[in-house]
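Working notes for the structure below.
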Amino acid sequence: MANVKKLIERIRIKINDTASFEFQDNELLSYIHEGLSVLEILLLSNKVQFNITYLSSAASVCPVPEDMLEIYKIIYNKNEILLKDITDETYGYYILNNNIVLPCTNAEIYYIKEFERYNIDDDINLPHIYIEYLYNNAVIKALSRLEFNMETEKTELMQLSSLIIKTALNNNSVYQMKRYNGYTL
């Protein structure tokens, strides 16, 4: 398990700012958070299932959870309820005015939850490869602000992105066969 402070220290070493002359911790933390957002988009766009959680809805209208990125599936009586178009008259759910409108009550809503955003003193509960992605992304952001040539770092980030997707989509992957701190990959 990694710590945000230690990750920021690693970033500072790479960008040659160990004395905190150029960057405040909060700015580097914002680069880490931006990396989390990009990582979520990368995983979602490649249809990778990650960080799935659920909630039970006793009503037929349920507010969209603040931490929801995408609905994974909705189950009622062990059957999956499909998404429908609002104009369609078929059985299904839809999202309207920041609410999930269900055709029934007592459904289980499984959704992909956004990654936790961290504070300086927090531990990072992500697989090592994701932490490396956040590290490289923050280094690139910092170096680009300083207008350095970052070809090596960009190449490393692209290779990491590709490796994350290949690992997550590979059915023989260790990540596919077990849960990693609640993140099903």
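Both backbone and side-chain heavy atoms feed into the values below; hydrogens, waters and symmetry mates do not.
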Hey, mind stepping through Leu43 and Ile164 against side-chain contact (heavy atoms from CB on, under 4.5 Å) and telling me if it holds? CA-CA 8 Å; Leu43 293 172; Ile164 285 170; 3.8 Å; yes

Between [atom1] of [X] and [atom2] of [Y], what distance do you get to the nearest 0.5 Å?
X	Y	atom1	atom2	answer
Ile112	Ile71	CD1	CD1	10.5 Å
Leu42	Tyr133	CG	OH	5.5 Å
Asp122	Ile124	CG	CD1	8.5 Å

Pair Glu70-Lys47, salt bridge (charged side-chain N to carboxylate O under 4.0 Å, His left out): steps then yes or no: CA-CA 11 Å; Glu70 186 174 286; Lys47 305 287 186 220; 5.7 Å; no

Is there a continuous path of hydrophobic side-chain contacts, each under 4.5 Å between heavy atoms, that joins [X] to [Y]?
X	Y	answer
Leu39	Ile41	no
Met158	Leu36	no
Ile75	Ile52	yes
Leu146	Ile8	yes
Val61	Leu102	no

Would you check, one step at a time, whether the test side-chain contact (heavy atoms from CB on, under 4.5 Å) holds for Tyr111 with Val64? CA-CA 10 Å; Tyr111 65 94; Val64 172; over 6 Å; no

Can you see which heavy atom on [X] is nearest to which on [Y], and at what distance?
X	Y	value
Ile131	Ala2	CD1-CB, 3.7 Å
Ile95	Met68	CD1-CE, 4.4 Å
Cys62	Leu55	SG-CD1, 3.6 Å
Gly92	Ile81	CA-CG2, 3.7 Å
Ser60	Thr105	N-CG2, 3.8 Å
Glu114	Leu69	CA-CD1, 3.6 Å

Heavy atoms from other residues, nucleotides or ligands near CD of Glu80 exceed 12 (cutoff 6.0 Å): yes

Determine whether more than 12 heavy atoms belonging to other residues, nucleotides or ligands lie under 6.0 Å from atom CG of Asn16. no

With Tyr93, the side chain to side chain contact (heavy atoms under 4.5 Å, CB included) member among Ile109, Leu82, Ile100: Ile100

Glu40/Arg117 ion pair, N-O < 4.0 Å: yes

Check residues 25-35 and write down every donor-acceptor pair under 3.5 Å in which the side-chain atom is one partner and the other belongs to a residue at least two apart or another chain.
from: Asp25; atom 1: OD1; to: Arg12; atom 2: NH2; distance (Å): 2.7
from: Glu27; atom 1: OE1; to: Arg145; atom 2: NH2; distance (Å): 3.3
from: Glu27; atom 1: OE2; to: Tyr31; atom 2: OH; distance (Å): 2.5
from: Glu27; atom 1: OE2; to: Arg145; atom 2: NE; distance (Å): 2.6
from: Ser30; atom 1: OG; to: Glu27; atom 2: O; distance (Å): 2.6
from: His33; atom 1: NE2; to: Tyr118; atom 2: N; distance (Å): 2.9
from: His33; atom 1: NE2; to: Tyr118; atom 2: O; distance (Å): 2.9
from: Glu34; atom 1: OE2; to: Lys141; atom 2: NZ; distance (Å): 2.8

Can a donor-acceptor pair be found, under 3.5 Å and without considering hydrogens, that links the side chain of Ser144 to the backbone of Ile140? yes

Ring-ring centroid check Phe115 Phe50, cutoff 6.0 Å: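 Centroid distance Phe115-Phe50: below 6.0 Å, so yes.
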
Below 4.5 Å, heavy atoms only, C-beta onward: do [X] and [Y] meet side chain to side chain?
X	Y	result
Asn137	Leu157	yes
Thr18	Ile13	yes
Ile120	Lys5	yes

Knowing that exactly one of Tyr76, Tyr54, Tyr72 qualifies, which makes a ring-ring contact (aromatic ring centres under 6.0 Å, His included) with Tyr110? Tyr54

Can you list the steps and then say if Val4 with Asp121 is a side-chain contact (heavy atoms from CB on, under 4.5 Å)? CA-CA 6 Å; Val4 174; Asp121 295 318; over 6 Å; no

Within 45° cone and under 6.0 Å: Lys84 NZ/CZ vs Tyr94 ring: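 Ring-cation test returns no.
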
